[in-house]
Amino acid sequence: MNAAMDSTDIDRSPAGRADFAAVSKTVLREAGIGLALVVLIIVFSVTTQHFLTASNITNILTQVTINLVLSIGMTFVILIGGIDLSVGSVLSFCAVVAGTVMTLPGLDPALAVTLAVISAVIAGIGFGLFNGFISAYWAIPSFIVTLGTLNIARGAALQVTNASTIYSFPAAFNAFGSRTIYGVPVLFLIALLLVAIAWFVLAKTVFGRVLYGIGNNEEAARLAGHNIFFYKIAAFTICGALVGIGAIIYMARLNIASPIIGIGFELNAIAAVIIGGTSLSGGRGSVVGTLLGACIIGVLANGLILLGLSDFMRQMITGFVIILAVILDKYRERLTKA
Amino acid sequence: MNAAMDSTDIDRSPAGRADFAAVSKTVLREAGIGLALVVLIIVFSVTTQHFLTASNITNILTQVTINLVLSIGMTFVILIGGIDLSVGSVLSFCAVVAGTVMTLPGLDPALAVTLAVISAVIAGIGFGLFNGFISAYWAIPSFIVTLGTLNIARGAALQVTNASTIYSFPAAFNAFGSRTIYGVPVLFLIALLLVAIAWFVLAKTVFGRVLYGIGNNEEAARLAGHNIFFYKIAAFTICGALVGIGAIIYMARLNIASPIIGIGFELNAIAAVIIGGTSLSGGRGSVVGTLLGACIIGVLANGLILLGLSDFMRQMITGFVIILAVILDKYRERLTKA
Amino acid sequence: MPDGIRPSADAEALLHLSGVRKRFGGVVALDGVSFALRAGEVHALVGENGAGKSTLIKILCGIVQRDAGEIELAGAPYDPHAPGDAKSAGIQVVHQEFNLLPYLSVAENICFEDMPRKHFGMVDYTSLYAKARKALDAIGLADVDVRRPVESLGVAHRQLVEIARALMGESRILILDEPTATLTERETQRLFTIIAGLRAKGVAIVFVSHHLQEVFAICDRVTVLRNGASVMTADIAATTPEQLVSNMVGRQLAAAMAAEKTVDTGGKTALSLRNLRHPASPFAEGVSFDLHYGEMLGIAGLVGSGRTELLRSIFAADVAVSGELQREGAPRSYRNPGDAIADGIGFVTEDRKEEGLILSMPIAANVTLASLKDVSRLGLVDKNKESRLTQKLGGEVRLKYGSPRDAASTLSGGNQQKVVLAKWLANKPRVLLLDEPTRGVDVGAKAEIYALLRGLAEQGLALLIVSSELPELITLCDRILVMSKHRIAGEVARKDFSEEHILNLAYKDERRHGQH
Amino acid sequence: DDKPVVGLVMKSLANEFFKNMLEGAKAHEAKRGDYTLKAVGMQSETDIETQINAVESFITEKVDAIVIAPADSRALVPPLKRAVDAGITVVNFDVSLDEKAKQEAGLTLAFVGPDNRGGAKLAGDALAKKLGQGAKVVIIEGNPGADNAAQRKLGFMDSVEAGKLDLLDSRTAHWETEEANTLFSNMLTAHPDIQGVMAANDSMALGVVKAIDAAGKTGKIEVVGFDNIPAVQPLLKEKKMLATVDQFGQEMAANAVDKALGVLKGGKPLEGWVKTDIKLVTSDDVK
Ligand SMILES: Nc1ncnc2c1ncn2[C@@H]1O[C@H](COP(=O)(O)OP(=O)(O)OP(=O)(O)O)[C@@H](O)[C@H]1O
Ligand SMILES: Nc1ncnc2c1ncn2[C@@H]1O[C@H](COP(=O)(O)OP(=O)(O)OP(=O)(O)O)[C@@H](O)[C@H]1O
Ligand SMILES: [Mg+2]
Ligand SMILES: [Mg+2]
């Protein structure tokens with residue numbers, strides 16, 4: 001049964017046999033991969049000195065942010081049984097578009113930033129529409145469509161910038177990128193807000209319900225009168241819009257926009273979604289799981305550096321821990337089922 | 001119906017209604033993406049000067065070889081509904097292992113090469129077993145398992161070599177790598193032999209048919225009494241063994257083994273398989289399609305360089321052509337269905 | 001225990017179960033089943049939807065592990081842990097839900113368990129096709145090419161392929177879980193002939209069906225399950241349908257089933273087809289008829305006669321290639337099911353697993369899938385409203401379930417079918433297309449569904465009912481159209497209803513052209 | 001026409017440094033007007049195959065000269081040997097082919113290019129001078145396995161030794177801004193007392209500077225980079241970066257083409273290492 005839908009209301013039926021047990025089970029299920037995250041945090045807290053310090057937590061949250069935003073969009077796409085390999089390239093394209101707009105000479109900084117945000121999101125939506133339309137209209141696997149888009153967007157980003165890095169954004173924009181509230185980066189708060197919105201859409205709305213339905217059984221959803229074409233395009237477009245936002249966040253954090261950024265981001269985003277318990281074949285999962293998945297990846301990267309292992313060991317251990325986290329989740333699943 | 005099966009024998013049933021029409025349909029279907037390949041070849045023959053020269057054809061075949069070998073293994077994995085993201089990293093690992101063996105001081109060259117081949121294949125099989133076992137035993141999506149393995153194998157390759165390149169292989173081995181027979185590279189002939197064997201296994205043997213069955217409906221295959229666990233591990237192991245062979249071919253062609261080779265190879269291999277008409281959700285497709293898919297990718301890369309376009313344009317066009325090829329295949333499908 | 005005859009230790013038994021129990025989470029599926037199967041008998045297993053028949057079968061073939069109880073096979077303890085264990089013990093099963101490999105050929109599906117081999121593990125395709133051909137001919141599927149992929153077959157053909165597959169293995173025990181639910185009379189009769197042949201060879205057969213006349217036609221003994229417990233076992237000769245039913249439901253069933261029907265064809269025309277042609281139909285003239293409000297129009301026909309495809313072309317699940325569809329006299333061209341639904345049409349599909357249900361989603365989500373508008377405000381799903389609607393409709397179709405939030409996959413086959421019905425009732429259509437609406441539904445619930453459908457017709461809905469059970473059409477309908485090879489072979493008015501007459505029309509085409 | 005054709009094999013043109021280099025070469029082509037330039041770049045830093053394919057294509061096309069910045073100092077030796085055997089003039093620039101590999105293949109080829117190790121040492125020495133002995137520093141490395149990454153790390157290590165610096169950590173950020181930002185933030189957590197950073201290229205230096213800003217340590221940690229890309233100019237000016245190294249990439253390819261044309265026109269074959277300029281760039285150099 002899918003977690004998102006379930007979590008939203010615990011059995012209130014008159015029969016309502018289960019009470020405490022049901023609640024705790026639901027929490028465990030919703031927590032999903034949470035157990036693995038807790039284990040990781042404990043391990044790093046014990047083995048390293050600085051892991052649980054305020055400044056390190058700020059770091060982790062900062063480092064999680066971009067992947068989290070991309071993963072939210074990826075969750076929509078994977079829920080309908082698709083995949084989007086183009087997010088990294090499209091992020092780069094959106095960033096160079098926004099960067100170009102933001103550094104247009106003679107523009108008022110506030111206006112420049114506003115226009116840049118809008119143009120990044122529009123660029124992302126454009127690629128999302130393209131991915132969604134092609135894969136829905138011709139019934140082509142989105143894997144191959146977005147593999148194409150990966151190349152198109154990267155080539156386009158290189159072409160428009162002629163491979164050069166864009167920099168010197170308005171000072172206020174740069175400052176905004178490093179602002180924190182009680183140690184929590186503002187950019188992370190934005191990402192969290194996006195998680196909340198996505199959760200709401202997926203768990204509470206008709207739109208989200210139909211997305212889950214399509215991921216589970218497209219034919220049944222079609223015969224129930226839903227316009228599959230529209231929903232597929234919508235999922236990819238939402239993903240594209242979030243990539244646009246991700247590009248802005250990247251720029252705010254690093255003060256540059258360049259056509260070579262974002263390489264490999266798609267794998268990280270997909271990993272976060274799957275580690276978070278969303279099924280690659282669609283129809284099952286939740287964006288809360290994705291949040292936890294992104295945190296696992298972020299904590300792992302951070303903790304392993306603090307551990308002081310060699311780069312190569314770090315890479316190997318990253319591989320093992322990704323696998324272990326998912327295995328652990330399987331045991332948790334059995335536990336809650338029993 | 002899946003192409004491999006069909007191709008094997010045209011309706012010889014007593015009723016045998018169809019004759020010429022059936023044959024030509026079967027050929028068209030088997031040709032799969034062949035139409036797109038033909039179109040590409042014609043376009044490049046017309047637009048560039050050197051495309052259809054003997055030496056360029058030799059180049060293309062050489063360039064296709066490694067991806068083709070990896071794609072064969074990937075076909076097995078995708079047919080059972082899995083995916084293997086680790087092939088590039090594992091190739092690198094196999095290569096450095098084989099390279100280390102091959103350059104062991106004081107070994108007779110022939111023995112060194114033999115041992116190196118064996119060790120590369122064993123290393124590949126080892127990772128294949130690992131991927132297969134973990135994903136089958138814990139029912140974990142192979143996407144995430146092999147993403148883990150991608151990191152493990154890369155880290156391990158870097159660790160054992162300390163990031164240095166291995167070279168100075170026996171002269172005969174290097175020479176073998178560039179040998180051609182009537183302009184056809186020997187390495188390509190080896191790959192073609194592997195295609196033939198894989199085709200035979202998949203289309204003609206019980207083992208192959210059960211693999212298709214598992215990809216079609218795993219539960220049904222299980223209910224029919226087949227040991228899913230065994231077959232899944234077998235598919236990943238075959239893929240691993242082919243990666244080992246791919247590593248040797250890489251070394252013979254490039255005369256080096258290094259821990260940083262093979263990055264992104266997995267995407268090329270998956271693209272070849274999918275462009276070749278194998279369904280990402282498993283159960284449908286053929287290794288002949290994969291051969292054509294790999295050729296499309298190779299011809300495209302070669303032709304675009306000959307066209308003399310800028311790199312960025314080339315990348316964009318590559319993206320478009322990948323998508324167009326699959327769209328074209330859709331229209332061919334409709335044609336043959338009608 | 002009611003007036004059942006207690007199952008006793010049976011000395012001749014080949015397979016013997018006692019005290020078998022199974023729970024799925026909070027749901028008790030089996031609550032102490034005892035059952036004995038003798039060699040060379042056909043043993044019926046009957047019970048309401050959700051009584052535990054399929055669960056019992058899944059335990060026997062190692063798909064599900066029992067919580068408690070003893071099983072003996074030929075005097076030795078039997079404890080299967082995987083489907084392979086059952087196979088090697090000589091037990092073959094046709095499951096209630098399909099387990100086919102859609103992209104493989106019919107022949108490969110039939111022989112999938114044990115494909116004929118040559119050297120090097122090669123498939124011996126010559127004998128594979130020959131074996132499959134023989135198996136199909138035996139159950140009367142002479143016109144299906146064994147090289148066709150299964151995905152190109154209709155539901156009934158798929159069911160027959162499943163049966164052919166189970167008949168391939170040399171088995172001591174053959175278990176058939178509702179094999180006739182999707183078959184028409186002709187195929188059913190062929191199956192019975194095969195069953196009789198196997199029995200003569202000493203094979204023990206377990207036969208699950210909701211059709212009691214079938215049970216009385218071919219079975220030697222019968223065991224009734226109620227709420228997961230075996231409540232009676234008896235020789236067929238020593239029992240009556242009424243006794244079985246009362247044991248199944250634990251009470252006397254109102255004779256709602258055969259309630260007399262007042263013929264009603266007087267309403268306004270709801271739907272008219274003029275030469276509507278499905279892409280698969282070989283005939284340009286297509287299909288033409290009128291359907292009126294308040295009418296129950298049946299469509300009879302043999303397997304593959306194009307009944308499903310007719311409904312699909314009305315509903316725009318497949319877009320018709322030519323012809324016209326009129327709704328209340330006005331021409332319409334629906335581009336997709338959404339258009340048809342918006343125009344007041346509902347469609348209960350025949351294959352619940354592939355087309356009807358979203359198995360891993362909650363029951364409530366399935367019930368409201370086609371009417372989300374009604375349980376939502378401003379695009380937000382009102383889950384309380386949804387649960388209430390589910391409970392209301394669940395009651396109407398006598399759905400047996402735990403909570404509306406349970407996944408649809410946890411329901412028994414018949415109950416899943418009821419969810420599909422509930423989904424379309426929730427949508428409040430004006431025209432309802434029903435394809436095998438009571439497939440796998442138990443006797444009691446069937447009566448309720450009949451009553452429900454009649455009620456709908458009385459409220460003025462137009463009902464178009466496809467069914468392979470002639471008695472069902474005869475009981476329910478005002479008129480019956482008989483289809484043969486994608487054409488209307490004839491129309492039968494209620495006063496002329498008889499199985500013979502309808503079958504004659506259905507076979508008309510075949511008699512004319514002969515079998516091919 | 002009969003102008004000689006020069007095939008230029010570059011590394012990833014997505015890398016600004018090589019892109020500028022190509023632009024320099026194109027401008028050079030236009031200026032000289034006596035040859036035709038055909039340039040091919042790679043998809044990524046480690047895409048050795050594309051380079052080999054390009055060399056093979058150039059042999060097929062019978063170009064007159066191949067000017068190459070090899071992605072791997074060994075893998076390119078055999079195909080370049082084939083090119084030489086086919087009568088094509090080959091010039092190796094940017095990264096030197098491996099001596100031993102050349103020897104084994106029977107290839108004698110000169111190298112036209114900068115001294116990466118020496119350049120890195122220039123930057124490292126500037127840092128050492130600024131911070132003084134015993135200062136705590138870290139190195140952000142380039143791609144493991146890349147020749148120039150290895151050379152630059154050696155150069156930084158030379159400075160550490162010569163300047164008696166305290167090297168706390170040395171890790172790769174794969175030439176990438178975001179990864180360098182993440183990596184350095186985490187290094188800073190593990191070693192809050194870092195005083196200096198040596199980044200193997202400017203893209204990574206950008207990420208490091210931003211991490212320093214985010215940690216509120218602006219001005220407390222000195223950063224040196226490599227490549228002198230435009231994006232670091234403001235940082236040098238604001239003194240957020242101490243120095244970077246310019247190896248005049250713009251001219252590098254053009255120089256190599258000149259050398260190739262010289263040989264084509266009957267000049268003396270090149271020998272040994274033809275060193276090209278490198279220069280330390282500090283805030284004083286930024287206008
Ligand atoms: N996997 C499962 N999880 C939870 N409950 C289940 C599961 N499988 C079966 N059940 C429950 O067990 C009970 C018995 O189901 P079963 O499928 O055996 O019924 P049946 O007698 O075959 O009914 P039908 O005639 O409708 O096929 C039902 O209440 C069903 O909901
Ligand atoms: N003689 C035949 N041989 C093989 N396939 C056939 C034959 N006749 C029909 N079919 C196919 O079988 C399927 C059955 O058609 P359809 O489902 O419309 O008929 P139906 O009367 O509803 O039968 P079913 O009970 O199988 O649903 C269609 O896909 C049709 O193309
Ligand atoms: Mg059942
Ligand atoms: Mg039908």
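Here the structure is a predicted model, which is why all the values come from computation and not from measurement.
- The shortest side-chain heavy-atom distance between Leu101(C) and Tyr212(B) does not fall under the 4.5 Å cut-off.
- With a 4.5 Å cut-off on non-hydrogen atoms, Leu128(C) does not touch chain B at all.
- With contacts defined as side-chain heavy-atom distances shorter than 4.5 Å, the pair Arg284(B)/Glu151(C) qualifies.
- Annotation: salt bridge (charged side-chain N to carboxylate O under 4.0 Å, His left out) contacts of Glu354(C) (sequence neighbours excluded): none.
- Ranked by heavy-atom pairs under 4.5 Å with chain C, the first of Ile214(B), Leu223(B), Val201(B) is Leu223(B).
- Within a 6.0 Å sphere centred on CZ of Phe120(C), other residues, nucleotides and ligands contribute 12 heavy atoms or fewer.
- With His226(B) contributing its side chain and Phe112(C) its backbone, the two residues share a donor-acceptor pair below 3.5 Å.
- Here the side chains of Asn99(C) and Arg222(B) are not in contact, with every heavy-atom distance at 4.5 Å or above.
- Taking Gly121(C), Gly84(C), Cys61(C) one by one and counting their heavy-atom pairs under 4.5 Å with chain B, the maximum is reached by Gly121(C).
- Residue Val123(C) comes nearest to Thr205(B) through the heavy atom pair CG2-C, 3.3 Å, listed as atom of the first residue, atom of the second, then distance.
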